[in-house]
Enquirer: 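What follows is a single structure, and I will ask about it in a moment.
For the single chain, residues carry numbers from 1 onward in sequence order. These numbers come from the heavy atoms of this one structure, side chains and all, not from hydrogens, waters or symmetry mates. Note that this is a predicted model, so its numbers are computed, not measured.
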Amino acid sequence: MGDSSDSVSIAIDMVPFGGKEFLVKTSRGSLSVFVCGDQEKPALITYPDVALNYMSCFQSLFFCPDAASLLLHNFCIYHIDAPGHELGANVISPDVPLLSVDDLADQVAEVLDFFGLTRVLCLGVTAGAYILTLFAMKYNERVLGLILVSPVCKAPTWTEWLYNKVLMNLLYFYGMCGVLKECLLQRYFSKELRYGMHGAESEVIQACLRLLDERQSPNVMRFLQAINRRHDLTDDLKKLQCKTLIFVGESSPFHAESVHMSDKIGRKNCSLVEVKACGSLVTEEHPLAMLVPIEFFLMGFGFQRQPHFASSSSNGSNPSSPSSHSCIAPELLSPEGLGIKLKPIKTRADIEI
């Protein structure tokens with residue numbers, strides 16, 4: 001898949017992430033991959049949740065200067081969107097076969113083949129976290145580590161299955177209507193953020209609604225249908241050979257399942273971070289709460305923050321302490337200030353690379 005005939009490279013000047021979009025042809029259809037950074041660096045791949053793309057799922061995290069000094073300094077980022085979820089996507093033809101979750105995981109492997117990537121770090125949110133977990137199980141030698149946000153690992157309960165069926169019917173008959181968008185916001189965000197102060201919508205909610213309006217309803221329905229047919233990964237979680245960091249919002253509808261997944265992987269290979277007053281989409285609602293745990297996680301692999309940002313640690317202070325250019329105020333560096341609970345805290349010490 002390495003020759004130029006297998007993809008279309010699209011330069012996007014107005015995208016604030018910077019970088020280049022590639023339309024990668026796989027044996028199961030084309031995928032949009034937005035590449036940010038130096039491709040000579042180690043690779044970090046991302047996969048968003050249902051109805052989201054890399055912009056609506058990861059922009060708050062990657063826009064933070066501290067995240068840039070940690071992630072973009074160490075990695076080239078490959079943002080993989082689910083089929084038909086990229087900006088300006090066309091409706092996928094009804095004649096194209098529906099993809100299963102295994103097909104979506106195999107597509108990720110083909111993306112790695114196209115870019116010549118051997119081992120990658122993975123960052124996924126809910127449905128995207130499931131796809132990347134399945135990818136790590138099928139291609140364990142290609143995954144360095146997993147960062148999962150409000151992940152799922154079980155087959156859908158009857159309640160979730162029926163609820164998703166309702167969403168698919170709304171997509172089919174009404175498209176991205178107001179009721180459907182409200183259901184998706186409940187999936188992504190906490191009640192506190194959805195209703196805000198005096199009922200006013202936050203900028204995060206407004207931005208998400210604008211981006212949801214750009215989605216092609218039939219394409220969203222296809223991804224949701226694949227996730228609604230997912231199989232249970234619980235029995236194979238112990239076989240994961242990579243280290244895993246799990247974030248979950250305490251208000252997330254997938255909170256219990258994320259905790260279950262952490263327990264099944266085990267303390268030796270997994271750390272769990274619960275984020276207070278937050279829904280599933282921690283990357284957008286409380287991205288600052290992710291930075292310190294991610295930094296400690298990456299230290300185990302030998303990755304360090306950009307020296308300019310880490311200079312304050314040279315005097316013996318917290319290595320996560322910000323410089324004057326940091327987007328984290330000093331009073332936010334305590335677990336209480338960050339709004340996080342680590343369960344258990346000593347899982348950091350249990351991870352051995």
Side-chain angles (χ1 to χ4, degrees), residues 17 19 21-24 26 28-37 42-62 71 75-87 89 99-115 117 119-140 142-153 184 187-188 211 215 219-220 222-228 230 233 240 242 244-248 252 254 258 261 280-284 287 290 294:
F17 270 84
E21 183 180 17
F22 294 83
L23 193 62
V24 179
T26 75
R28 295 164 180 82
S30 297
L31 277 182
S32 170
V33 183
F34 195 84
V35 181
C36 305
L44 168 65
I45 65 172
T46 71
Y47 209 113
D49 192 18
V50 168
L52 301 177
N53 60 15
Y54 74 93
M55 282 292 295
S56 49
C57 199
F58 299 107
Q59 64 176 345
S60 293
L61 175 63
F62 283 94
L71 299 176
F75 300 99
C76 180
I77 316 297
Y78 297 79
H79 293 292
I80 303 175
D81 285 332
H85 280 56
E86 68 272 14
L87 293 170
L99 299 182
S100 67
V101 288
D102 286 280
D103 292 329
L104 295 173
D106 291 337
Q107 277 189 321
V108 174
E110 293 192 52
V111 168
L112 266 60
D113 291 339
F114 172 78
F115 288 105
L117 306 175
R119 297 190 76 194
V120 297
L121 193 72
C122 301
L123 168 61
V125 177
T126 310
Y130 179 95
I131 298 301
L132 294 180
T133 302
L134 181 58
F135 166 72
M137 289 177 171
K138 299 180 73 170
Y139 303 92
N140 59 80
R142 307 194 72 170
V143 178
L144 181 66
L146 289 170
I147 302 174
L148 307 176
V149 181
S150 304
V152 292
C153 63
L184 290 173
R187 176 187 178 96
Y188 304 146
L211 289 165
R215 298 285 76 75
N219 301 351
V220 176
R222 292 170 70 92
F223 189 21
L224 187 57
Q225 189 164 350
I227 292 300
N228 212 32
R230 69 183 186 269
L233 303 179
L240 278 176
C242 60
T244 303
L245 176 62
I246 294 178
F247 294 91
V248 63
S252 169
F254 309 105
S258 298
M261 184 173 181
S280 298
L281 202 55
V282 185
T283 52
E284 290 296 307
M290 300 180 65
I294 288 177

Enquirer: Output the distance between atom OG (S100) and atom CG (D106), rounded to the nearest 0.5 Å.
Expert: 7.5 Å
Enquirer: Decide if the gap between the ring center of F22 and the ring center of F115 is smaller than 6.0 angstrom.
Expert: yes
Enquirer: Compare all side-chain heavy atoms of V24 with those of E110 and state whether any distance is below 4.5 angstrom.
Expert: no
Enquirer: Evaluate the side chain to side chain contact (heavy atoms under 4.5 Å, CB included) criterion for residues I131 and I227: first the C-alpha distance (whole Å), next the side-chain angles of each, then the deciding distance (0.1 Å), finally the verdict.
Expert: CA-CA 9 Å; I131 298 301; I227 292 300; 4.3 Å; yes
Enquirer: What's the shortest heavy-atom distance between S150 and S280, and which atoms?
Expert: OG-O, 2.8 Å
Enquirer: Can you confirm whether V220 sits close enough to V50 that some side-chain heavy atom of one is under 4.5 Å from a side-chain heavy atom of the other?
Expert: yes
Enquirer: Do the side chains of V111 and I45 get nearer than 4.5 Å, heavy atoms only?
Expert: no
Enquirer: So L87 and E21, side chain to side chain contact (heavy atoms under 4.5 Å, CB included) or not? Walk me through it.
Expert: CA-CA 10 Å; L87 293 170; E21 183 180 17; over 6 Å; no
Enquirer: Does any non-hydrogen side-chain atom of R215 lie less than 4.5 Å from one of F223?
Expert: no
Enquirer: Should the pair R142-D113 be classified as a salt bridge under the 4.0 Å nitrogen-to-oxygen rule?
Expert: yes
Enquirer: If you compare all heavy atoms of E284 against all heavy atoms of L61, which two are closest, and at what distance to 0.1 Å?
Expert: OE2-N, 4.5 Å
Enquirer: What pairs with Q107 under side chain to side chain donor-acceptor pair (under 3.5 Å), at least two apart in sequence or on another chain?
Expert: T26
Enquirer: In Å, rounded to the nearest 0.5 Å, how long is the span from CD1 of I147 to SG of C242?
Expert: 10.5 Å
Enquirer: Give me the atom names and distance for the closest heavy-atom approach of L240 to T244.
Expert: CD1-OG1, 4.5 Å
Enquirer: With a 4.5 Å heavy-atom cut-off, do D49 and Y188 have their side chains touching?
Expert: yes
Enquirer: Among V149, L123, L281, exactly one meets side-chain contact (heavy atoms from CB on, under 4.5 Å) together with C57. Which residue is that?
Expert: L281
Enquirer: Side-chain contact test, heavy atoms from C-beta onward, threshold under 4.5 Å: evaluate it for Y54 versus D81 and give yes or no.
Expert: yes
Enquirer: Passes side chain to side chain contact (heavy atoms under 4.5 Å, CB included), F62 versus T283? Steps please.
Expert: CA-CA 9 Å; F62 283 94; T283 52; over 6 Å; no
Enquirer: Would you compute the distance between atom CG of L117 and atom OH of Y78 and round it to the nearest 0.5 angstrom?
Expert: 4.5 Å
Enquirer: Which heavy atom of I80 sits nearest to which heavy atom of P48, and what is that distance?
Expert: O-CD, 3.1 Å
Enquirer: Would you say that I294 contacts L71 through its side chain, given a criterion of any heavy-atom pair below 4.5 Å between the two side chains?
Expert: yes
Enquirer: Could you tell me which non-hydrogen atom of A89 sits nearest to which non-hydrogen atom of G84, and how far apart they are?
Expert: CB-O, 3.4 Å
Enquirer: Run the ring-centre check on F135 versus Y139 and record whether the distance is less than 6.0 Å.
Expert: yes
Enquirer: List the steps and the verdict of side chain to side chain contact (heavy atoms under 4.5 Å, CB included) for T46 and H79.
Expert: CA-CA 5 Å; T46 71; H79 293 292; 2.7 Å; yes
Enquirer: To check you understand the geometry: which heavy-atom pair defines the closest contact between I246 and S258, and what is its length?
Expert: CD1-O, 4.2 Å
Enquirer: Is the closest side-chain heavy-atom distance between L52 and H85 below 4.5 Å?
Expert: no
Enquirer: Can you tell me how far apart CZ (R28) and CG (D102) are? Round to the nearest 0.5 Å.
Expert: 9.0 Å
Enquirer: How far does OH of Y130 sit from CZ of F254, to the nearest 0.5 angstrom?
Expert: 13.5 Å
